[in-house]
Number of protein chains: 2
Amino acid sequence: MNLQDQLNHNGLRLTHPRQVVMSVLEAANIPLSPQSIHQRSLEAQEEIGLVSVYRTLDLLTELGLVRRVHGHEECQGYVLASPGHHHHVVCRQCEAAVEFTGMEDVSLLVERIQAQTGFTIDEHLLQFYGLCPACQEEVER
Amino acid sequence: MNLQDQLNHNGLRLTHPRQVVMSVLEAANIPLSPQSIHQRSLEAQEEIGLVSVYRTLDLLTELGLVRRVHGHEECQGYVLASPGHHHHVVCRQCEAAVEFTGMEDVSLLVERIQAQTGFTIDEHLLQFYGLCPACQEEVER
DNA sequence: ATCCTTATTGAAAACGTTTTTCAATAAGGA
DNA sequence: TCCTTATTGAAAAACGTTTTCAATAAGGAT
Ligand SMILES: [Mn+2]
Ligand SMILES: [Mn+2]
Ligand SMILES: [Zn+2]
Ligand SMILES: [Zn+2]
């Protein structure tokens, strides 16, 4: 099921702004703010409104096609998300954001925290920061 | 070494706004935004400027006395932080934020992601969301 | 206790981001 | 091709944060 169908199925429409936002995110491999998505769309000669970027990001996030990435300061970075449970490693030099799969994940840690605190935990926020392979080489030189 | 000394030691001063922000954070057990810290200080008859709240939060964060908590929407929640490596479990009903210690933590996970992605990881963002013991009981009823 | 230096404050204005509003547009089913 | 209505985008409003700068007060020195 493609985006077209996924939208129409819910009474939604595949519009130009939505296509543009998707393609900007597909072209980038780093988290982009609403502003920079808008800027990149203009640079690509695709004139869409900033308001539509905001609305589209909300929608795509709702649909699980896009995920928000929290930087240290900036918390408005959006990246394309593959379906399923994922997290991101973000390069603190080039900002490259790479997904990694959950697997056994933090489940052991969750068990321990639940026992220690009495909380029931049903969700988590997990991100790693460091240097991507390319930026490591740069530093070595 | 108390706050007074810790500040003076760096040529900084223990001022009224700084004391108020600290005491508001000490009184609350939930993450507070700059705005709500300001509001609570006014309610406590302690008239300080909103600008000072912002500046004080930056300073206290710098000193490691305060930590930022990322909610799903709101990413400007500040809580008092004990020294050392900690994370938070946040109740999604009453917003209570409880610290837990790192311990072996996510080190195994980090190892795996480093191997998988080639990144070198030196930092992480980790938070859990769920229900605190008190709010669990409420739900049961 | 008083003085002096200067770190800090807070009101106001500037600023950047996000949301709301609403008439005009275009997506897509009929 | 037509019709309904989901969606757009310009403009304005709302919002949160930062900058500016003269007035203030913290705290070391005398
Ligand atoms: Mn996970
Ligand atoms: Mn940790
Ligand atoms: Zn990199
Ligand atoms: Zn609770």
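Note on naming: letters A, B, ... go to the chains in the order of the sequence lines (proteins, then strands), and numbering restarts at 1 for each one.
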Open item on the list: Rounded to whole Å, how long is the line connecting atom CD1 of B:Ile37 with atom C1' of C:dG10?
Closed with: 17 Å
Task: Closest-nucleotide 5' rank along DNA chain D - winner of A:Ile48 and B:His16 - done: A:Ile48
Task: With A:Phe100, the ring-ring contact (aromatic ring centres under 6.0 Å, His included) member among A:His86, A:His87, A:His85 - done: A:His87
Open item on the list: Could you tell me how far apart B:Gln76 (CD) and D:dT18 (C1') are, to the nearest whole angstrom?
Closed with: 13 Å
TODO: Mind checking A:Glu47 for me? I need base, sugar-phosphate or nothing, with any heavy atom below 4.0 Å counting as a touch.
DONE: sugar-phosphate
Open item on the list: As a test of reading the structure: which of C:dT20, D:dG16, D:dT8 is closest to the side chain of B:Gln35, going by heavy atoms?
Closed with: D:dG16
Open item on the list: Judged by each residue's nearest nucleotide on DNA chain D, which is more toward the 5′ side, A:Leu50 or B:Leu14?
Closed with: A:Leu50
Open item on the list: Which is more 5' along DNA chain C, the nucleotide nearest B:Gly11 or the one nearest B:Arg55? Just name the residue.
Closed with: B:Gly11
Task: Passing option when A:Leu42 is tested against A:His38, A:Arg40, A:Gln45, A:Glu46 for side chain to side chain contact (heavy atoms under 4.5 Å, CB included) - done: A:His38
Task: Donor-acceptor pair, side chain of B:Thr56 and main chain of B:Ser52, under 3.5 angstrom - done: yes
Task: Atom pair distance, as rounded to whole Å: CG in B:Asp58 and P in D:dT19 - done: 10 Å
Task: Given C:dG28, D:dT8, D:dA10, the nucleotide with the shortest approach to the side chain of A:Pro17 - done: D:dT8
Open item on the list: Once hydrogens and angles are ignored, does a donor-acceptor distance under 3.5 Å link the base of D:dG28 to the side chain of B:Arg13?
Closed with: no
Open item on the list: Return the pairing partner of C:dG28 with a 3.5 Å limit on both distances, Watson-Crick or G-U wobble; otherwise return none.
Closed with: D:dC3
Open item on the list: Below the 4.0 Å mark, does D:dA26 have OP1 or OP2 next to a side-chain nitrogen or oxygen of B:Thr15?
Closed with: no
TODO: Would you indicate which nucleotide in D:dG16, C:dT9, D:dT8 comes nearest to any side-chain atom of B:Tyr54?
DONE: D:dG16
TODO: Provide, to the nearest angstrom, the distance between the CG atom belonging to A:Asn10 and the P atom belonging to C:dA27.
DONE: 19 Å
Task: d(CG, B:Asn2; P, D:dG27) in whole Å - done: 11 Å
Open item on the list: Within the 3.5 Å criterion, strictly below it, is a donor on B:Glu99 or B:Ser82 matched to an acceptor on the partner's side chain?
Closed with: yes
Open item on the list: Can you see if the side chain of B:Asn8 gets near the phosphate of D:dG27 - specifically, an N or O under 4.0 Å from OP1 or OP2?
Closed with: yes
Task: Shortest side-chain distance from B:Leu12, nucleotide among D:dA6, C:dA7, D:dG16 - done: C:dA7
TODO: Assess whether atom CD of A:Glu26 is packed by more than 12 heavy atoms of other residues, nucleotides or ligands within 6.0 Å.
DONE: yes
TODO: Write down the distance between CG (B:Leu57) and C1' (C:dT9), rounded to a whole number of angstrom.
DONE: 15 Å
Open item on the list: What is the distance, to the nearest angstrom, from the NE2 atom on B:His9 to the P atom on D:dG27?
Closed with: 15 Å
Open item on the list: Quick check on B:Glu62: does its CD atom have over 12 non-hydrogen neighbours (other residues, nucleotides or ligands) under 6.0 Å away?
Closed with: no
Open item on the list: With a cut-off of less than 4.0 Å, is there a side-chain N or O of B:Gln4 near OP1 or OP2 of D:dA26?
Closed with: no
- [ ] Check the distance between C:dT19's C1' and B:Glu73's CD and give it to me in whole angstrom.
- [x] 14 Å
